[in-house]
Enquirer: 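One structure coming up, written as structure tokens, with questions to follow.
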Amino acid sequence: MKRIKRKKAFDVEYEKKAIRLAQIETETSTEDWDKKELRTRAAYFLLNGIPEFSVNQTDDGKYRLLAAEKDFHAAVSMGATEFEVRVYSFTEKNAETFSLIEKLKAENLGAMEEAYLMKRLVKEYSFTQDDVAALIGRSRPAVANTLRLLTLSPEVVGLVESGRLSAGHARTLVRVPQSQQYAFAEEALKRGYSVREMERAVKAFLTPPEVLQQEKDAKAAAKSAELKAFVERMRSVFRTKVSLIGNDKKGRIYIDYYSPEDLYRFEEFLDMIESFDRD
């Protein structure tokens with residue numbers, strides 16, 4: 001009988017309560033955050049209310065904030081002194097795991113930040129990619145694609161972290177040798193490549209020239225067959241010789257006539273087409 005592999009869950013109990021600001025410990029302070037970003041979040045809270053925060057009860061009777069540090073300090077900046085919280089009683093390891101999961105679920109992180117947090121869940125806490133996907137509410141391919149960013153060269157990672165190169169552009173470089181990834185990234189930025197254009201450039205680089213030529217010839221043959229079929233249709237409709245010079249982008253079409261009856265028939269075709277336009 002085939003054994004079913006079950007995904008890990010992180011179901012935990014908590015207690016809701018209100019606690020004072022002085023009882024909450026955080027990794028950062030209000031001064032560590034961009035003031036403009038804090039004002040924006042504070043304005044949102046004035047309209048929609050301050051959210052609940054997740055905290056872990058410590059041995060000294062205080063509470064350690066588990067996630068959403070920016071939102072917490074935004075609330076502090078608007079004068080909040082008491083908070084509705086969910087209180088957990090985690091071990092140190094479980095508290096760290098829960099904090100990583102909550103950050104991935106709720107915070108607006110950069111692509112590389114997400115990749116680092118996911119890697120920690122996989123390497124330090126033995127979660128599979130399926131586990132991570134289930135815990136943070138994403139698909140497994142999305143998790144796998146994010147983790148692939150960590151295989152890029154440090155120079156390309158730096159471009160992503162600085163915001164110069166998008167994660168989508170960076171992922172196209174995963175199959176390129178690390179020694180050449182940065183050159184590709186710089187060329188993409190210089191030329192303003194879209195992700196699709198960069199995918200084509202990478203494919204061209206990785207595909208042997210003879211294979212690319214075969215693909216090009218196959219496309220040309222397909223277009224040639226379509227044009228040939230089009231000319232045959234015109235010959236059948238006009239009941240005379242039709243010739244085409246050119247390709248699917250531009251060229252000339254010649255329609256031969258051999259008698260006044262041929263011209264009269266062509267005129268009837270035109271009258272019919274014009275009547276459709278008038279209708």
Enquirer: When rounded to the nearest 0.5 angstrom, what is the spacing between CG in L104 and CG in L117?
Expert: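 Reported to 0.5 Å precision, the distance equals 5.0 Å.
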
Enquirer: Considering all heavy atoms of both residues, which atom of A80 and which atom of I50 are nearest to each other, and what is their separation?
Expert: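 So the minimum-distance heavy-atom pair works out to CB-CD1, 3.8 Å.
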
Enquirer: Would you confirm whether E102, through its side chain, and A67, through its main-chain N or O, come within 3.5 Å as a donor-acceptor pair?
Expert: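 A pair under 3.5 Å: no.
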
Enquirer: Kindly indicate whether the side chain of E69, heavy atoms from C-beta on, has any atom under 4.5 Å from the side chain of W33.
Expert: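 In short, these two side chains touch, coming nearer than 4.5 Å.
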
Enquirer: Whether the side chain of T146 engages the backbone of A142 through a donor-acceptor N/O pair (distance < 3.5 Å, no angle test) should be reported.
Expert: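 Such a contact is found between T146 side chain and A142 backbone.
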
Enquirer: State whether the side chain of E113 and the backbone N or O of G110 hold a donor-acceptor pair below 3.5 Å, judged by distance alone.
Expert: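 Yes; judged by distance alone, with no hydrogens or angles, the pair exists.
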
Enquirer: Transitively linked via ILVMFWY side-chain contacts under 4.5 Å: L21 with L66?
Expert: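 Different clusters.
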
Enquirer: From F269 CZ over to Y264 OH, what is the distance, rounded to the nearest 0.5 angstrom?
Expert: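 Separation between the atoms: 11.5 Å.
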
Enquirer: Sequence neighbours excluded and cut-off under 3.5 Å, please list the side-chain donor-acceptor pairs for residues 147-154, or say none.
Expert:
unit_1	atom_1	unit_2	atom_2	d
R148	NH1	N145	OD1	2.4
T151	OG1	R148	O	2.7
S153	OG	E155	OE1	3.4
S153	OG	V156	N	3.4

Enquirer: Under a 3.5 Å distance rule, please check whether S99 uses its side chain to pair with a backbone N or O of A95 as donor and acceptor.
Expert: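 Checking the backbone N and O of A95 against the side chain of S99, no donor-acceptor pair under 3.5 Å is found.
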
Enquirer: Taking the side chain as everything from C-beta on, heavy atoms only, tell me whether K105 gets closer than 4.5 Å to L135.
Expert: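 Heavy-atom side-chain distance check fails, nothing below 4.5 Å.
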
Enquirer: Working note: E186 + R164, criterion salt bridge (charged side-chain N to carboxylate O under 4.0 Å, His left out); need CA distance, chi angles, decisive distance, verdict.
Expert: CA-CA 10 Å; E186 284 293 319; R164 290 187 61 205; 3.7 Å; yes

Enquirer: Same cluster or not: F72 versus F45, using hydrophobic residues (I, L, V, M, F, W, Y) connected whenever any side-chain heavy atoms lie under 4.5 Å apart?
Expert: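 Yes.
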
Enquirer: Quick check: closest heavy atoms across Q181 and V174, and the distance to 0.1 Å?
Expert: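 Residues Q181 and V174, closest heavy atoms: NE2-O, 4.0 Å.
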
Enquirer: Kindly check if the number of other-residue, nucleotide or ligand heavy atoms within 6.0 Å of CD (E268) is above 12?
Expert: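 Yes, because the 6.0 Å sphere around CD of E268 holds more than 12 heavy atoms from other groups.
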
Enquirer: Give the minimum heavy-atom separation between D34 and E37, together with the two atoms involved.
Expert: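 Nearest pair, atom of D34 first, then E37: OD2-N, 3.0 Å.
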
Enquirer: For T128, does its backbone N or O pair with a side-chain atom of D131 as donor and acceptor, under 3.5 Å?
Expert: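 Yes.
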
Enquirer: Closest approach of T172 and M198, non-hydrogen atoms and distance?
Expert: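 Result for this residue pair: OG1-CG, 3.5 Å.
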
Enquirer: Could you walk me through whether V157 and M112 pass the side-chain contact (heavy atoms from CB on, under 4.5 Å) test, one step at a time?
Expert: CA-CA 7 Å; V157 168; M112 294 310 308; 3.7 Å; yes

Enquirer: Could you check whether any side-chain heavy atom of V176 comes within less than 4.5 Å of a side-chain heavy atom of Y182, counting everything from C-beta outward?
Expert: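 The answer is no; the side chains never approach within 4.5 Å.
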
Enquirer: Does any non-hydrogen side-chain atom of H73 lie less than 4.5 Å from one of T28?
Expert: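 The answer is yes; the side chains approach within 4.5 Å.
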
Enquirer: Is there a donor-acceptor pair closer than 3.5 Å between any side-chain N or O of S77 and the backbone N or O of A74?
Expert: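 Yes, the answer is positive, given that a donor and an acceptor are paired below the 3.5 Å cut-off.
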
Enquirer: Compare every heavy atom of R64 with every heavy atom of T26, then report the nearest pair and how far apart it is.
Expert: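 Closest pair (atom of T26, atom of R64, distance): O-NH1, 3.7 Å.
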
Enquirer: Which atom names give the shortest non-hydrogen contact between A201 and Y193, and what distance separates them?
Expert: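 Shortest heavy-atom separation between A201 and Y193 comes out as CB-CE1, 4.2 Å.
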
Enquirer: E197: what forms a salt bridge (Lys or Arg N to Asp or Glu O under 4.0 Å) with it, not counting sequence neighbours?
Expert: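 In terms of salt bridge (Lys or Arg N to Asp or Glu O under 4.0 Å), with neighbours along the sequence ignored, E197 is linked to no residue.
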
Enquirer: Find out whether Y258 and K241 are in side-chain contact, i.e. whether some heavy atom of one side chain is under 4.5 Å from a heavy atom of the other.
Expert: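 With C-beta onward as the side chain, the pair touches.
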
Enquirer: Where the side chain of R235 meets the backbone of V242, is there a donor-acceptor pair that is under 3.5 Å apart?
Expert: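 Checked: pair present.
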
Enquirer: Any chance you could measure L121, atom CG, to T97, atom OG1, to the nearest 0.5 Å?
Expert: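 These two atoms lie 7.0 Å from each other.
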
Enquirer: Could you see if V85 belongs to whatever hydrophobic cluster contains V76? Use Ile, Leu, Val, Met, Phe, Trp, Tyr and a side-chain cutoff under 4.5 Å.
Expert: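 They do share one cluster, since a chain of ILVMFWY contacts under 4.5 Å joins V85 to V76.
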
Enquirer: Within the distance-only criterion (no hydrogens, no angle test), does the side chain of N94 pair as donor or acceptor with the backbone N or O of F90 below 3.5 angstrom?
Expert: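 Flag not set: sc N94 to bb F90 has no pair under 3.5 Å.
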
Enquirer: Mind jotting down which residue pairs meet the side chain to side chain donor-acceptor pair (under 3.5 Å) criterion with at least one end in residues 38-56? Sequence neighbours excluded, please.
Expert: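 Counting only pairs at least two positions apart or across chains, the side chain to side chain donor-acceptor pair (under 3.5 Å) contacts touching residues 38-56 are K16-E52, R41-D71, E52-R86.
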
Enquirer: Report yes if some heavy atom in the side chain of L65 is under 4.5 Å from a heavy atom in the side chain of F53; otherwise report no.
Expert: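 The answer is yes; the side chains approach within 4.5 Å.
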
Enquirer: Side chain of E25, backbone of K62: donor and acceptor closer than 3.5 Å?
Expert: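 Answer holds: no.
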
Enquirer: Would K93 and E124 pass as an ion pair if we require N to O under 4.0 Å?
Expert: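 Salt bridge absent between K93 and E124.
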
Enquirer: Taking the side chain as C-beta and beyond, is there a heavy-atom pair between Y88 and V55 under 4.5 Å?
Expert: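 No, every pair of side-chain atoms sits at 4.5 Å or beyond.
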
Enquirer: Taking atom CZ of F238 and atom CZ of F266, what is their separation to the nearest 0.5 Å?
Expert: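 The CZ atom of F238 sits 6.5 Å away from the CZ atom of F266.
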
Enquirer: Can you tell me how far the OH atom of Y116 sits from the NZ atom of K119, to the nearest 0.5 Å?
Expert: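 Separation between the atoms: 8.5 Å.
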
Enquirer: Between M272 and E267, is any pair of side-chain heavy atoms under 4.5 Å apart?
Expert: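 No - every pair of side-chain heavy atoms lies 4.5 Å or more apart.
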
Enquirer: In terms of side-chain geometry, is the basic nitrogen of R196 or E199 positioned less than 4.0 Å from the acidic oxygen of its partner?
Expert: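 Result for this pair is yes, salt bridge flagged.
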
Enquirer: Examine V122 and L100 and state if one hydrophobic cluster contains both, with Ile, Leu, Val, Met, Phe, Trp and Tyr joined whenever side-chain heavy atoms are less than 4.5 Å apart.
Expert: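 Yes.
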
Enquirer: Supply the atom-to-atom distance L159 CG to L165 CG, rounded to the nearest 0.5 angstrom.
Expert: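 One finds 5.5 Å between CG of L159 and CG of L165.
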
Enquirer: Could you tell me whether E96 and R120 make a salt bridge, using a distance below 4.0 angstrom between a side-chain N and a carboxylate O?
Expert: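 Result for this pair is yes, salt bridge flagged.
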
